[in-house]
Amino acid sequence: MIFRYDRVESVRTHRDPFDDLCCWISGLRSVRYSRELLNAVHKFPSRTTLEPAAAVSAHADAAIQLLEQGQSAAAEVAFLPLYYALLNLAKIYVIVGGRLSDLQEQRWHGATHSGARKASHDLMTDTVSLKGRGAIPLLYTVLTGEKVPRANLTLKMSEIYRYIWDVSYEYERLYGHVLAFERVEVDFEDDPSTKGRRMVAKLPETGRPTAPKKDLRLLSHFKPDASRPNTYVSPGVSGNVVGSQVLLLSQLRRSLLVCDSDMWGQMHTFTPVSNRLFLWPEEIPILLAFFHMSNVVRYNPEFLAKLKDSRAWGLLLVLRNHGVLKFLKLFWERVSNSCFCLQT
């Protein structure tokens, strides 16, 4: 089965996974180690690694200090340092994606919060807007290979929370909505027409109707297989097995694959369901949710008090813990170019 990254690892820890991830990220404070990683994992020519490695080191140091502040802060204000910690990690995504020069020109957030212009009454009706330039739009581009569909793209928080995998239970229990994901299994198979290889995507039975194919952006270039229900195939590629599979993978939006394990440790993959042009890699809704709450903490204490006295507060407390943990895991997967299951 195809995952977000080629290498899949299972990591068992006897400590808090958050502490382990922070230790791993702390290693990036070393410029020498960061240079080695950029060269060996991300294929930067060794002579070009010094400047990006120094930038990685600086952002990793800031992120770790802010994470420590966020963990020790009261829940009401923790979103502020935690957002800036995640933003620094997002900037490392951009750097390892080869976009340091763009980041140096676009260090601002690249998003705005509606609360600065109107009175907010409910978490889910509040909005944020994405700009065409800035750190968050750069992260979007590094993850998806595309620009934000349009500048000043407004997103409701009700939509953003639908794509945060690790608050699924609370979102459904408190708001009565399920997350917008479809289970999918993508793999390779022989292609009779080219005598080469192609990708096949199967949507396993879940007891509810499957999403229409047009809303599965992962499968935008796949076609239905008339001989198999809930199955789609990509165009085939001729040539040797290894070369054809590398080419096929380059055409797949792997950032739209969400990996999770069941109680038996078996890995499964899911993909966002959306009829928008906007794509939803996991990192983006998490970062936007923290951006939103950091603005609430800074500029709107009255709305923060309303949230604490509402059903939203339970959801936000889970976001504070599990949202950060998931972002750290996704970040480390990107840095190490591997998908792993972190088990305790």
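Predicted, not measured: the structure shown is a model, and the values here were computed from it.
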- Task: Using a cut-off of 6.0 Å, state whether more than 12 heavy atoms not belonging to K202 lie near its atom NZ.
- Result: no
- Task: Answer yes or no: is there an ion pair linking K326 with D260, defined by an N-O contact shorter than 4.0 Å?
- Result: no
- Query: Considering all heavy atoms of both residues, which atom of L87 and which atom of L287 are nearest to each other, and what is their separation?
  - Reply: N-CD1, 4.0 Å
- Message: Determine whether a donor-acceptor pair (N or O, by modelled atom type, separation under 3.5 Å) exists between the side chain of S310 and the backbone of L307.
- Response: yes
- Measure the acute angle between the ring planes of Y163 and W280, then classify it against the limits of 30° and 60° as parallel, tilted or perpendicular. parallel
- Message: With rounding to the nearest 0.5 angstrom, report the CG to CG distance, L218 to L279.
- Response: 10.0 Å
- Task: Over 60° means perpendicular and under 30° means parallel, so classify the ring planes of W332 and W24, tilted if in between.
- Result: tilted
- Query: How close do G70 and P81 get, heavy atom to heavy atom, and via which atoms?
  - Reply: CA-CG, 3.7 Å
- Flag if over 12 foreign heavy atoms under 6.0 Å of CG, D187: yes
- Message: Please check this pair: side chain of R107 against backbone of A135, looking for a donor-acceptor N/O pair closer than 3.5 Å.
- Response: no
- Message: Once rounded to the nearest 0.5 Å, what's the spacing between atom CG of L123 and atom CE of M293?
- Response: 7.0 Å
- Nearest heavy-atom neighbours spanning I25 and A60: O-CB, 4.0 Å
- Identify whether Y83 and V318 are in the same connected component of the hydrophobic contact network (ILVMFWY, side-chain heavy atoms under 4.5 Å). yes
- Please step through ring pair (Phe, Tyr, Trp, His ring centres under 6.0 Å) for the pair H109 and Y84, ending with a clear verdict. CA-CA 10 Å; H109 304 278; Y84 280 99; 5.7 Å; yes
- Item | Y5-E333 side chain donor-acceptor pair, cut-off 3.5 Å | no
- Tightest non-hydrogen contact, residues F44 and N39, listed as O-ND2, 2.8 Å
- Would you call the rings of F290 and F79 parallel, tilted or perpendicular, where under 30° means parallel and over 60° means perpendicular? tilted
- Is a donor on one side and an acceptor on the other found under 3.5 Å between the side chain of S30 and the backbone of G27? no
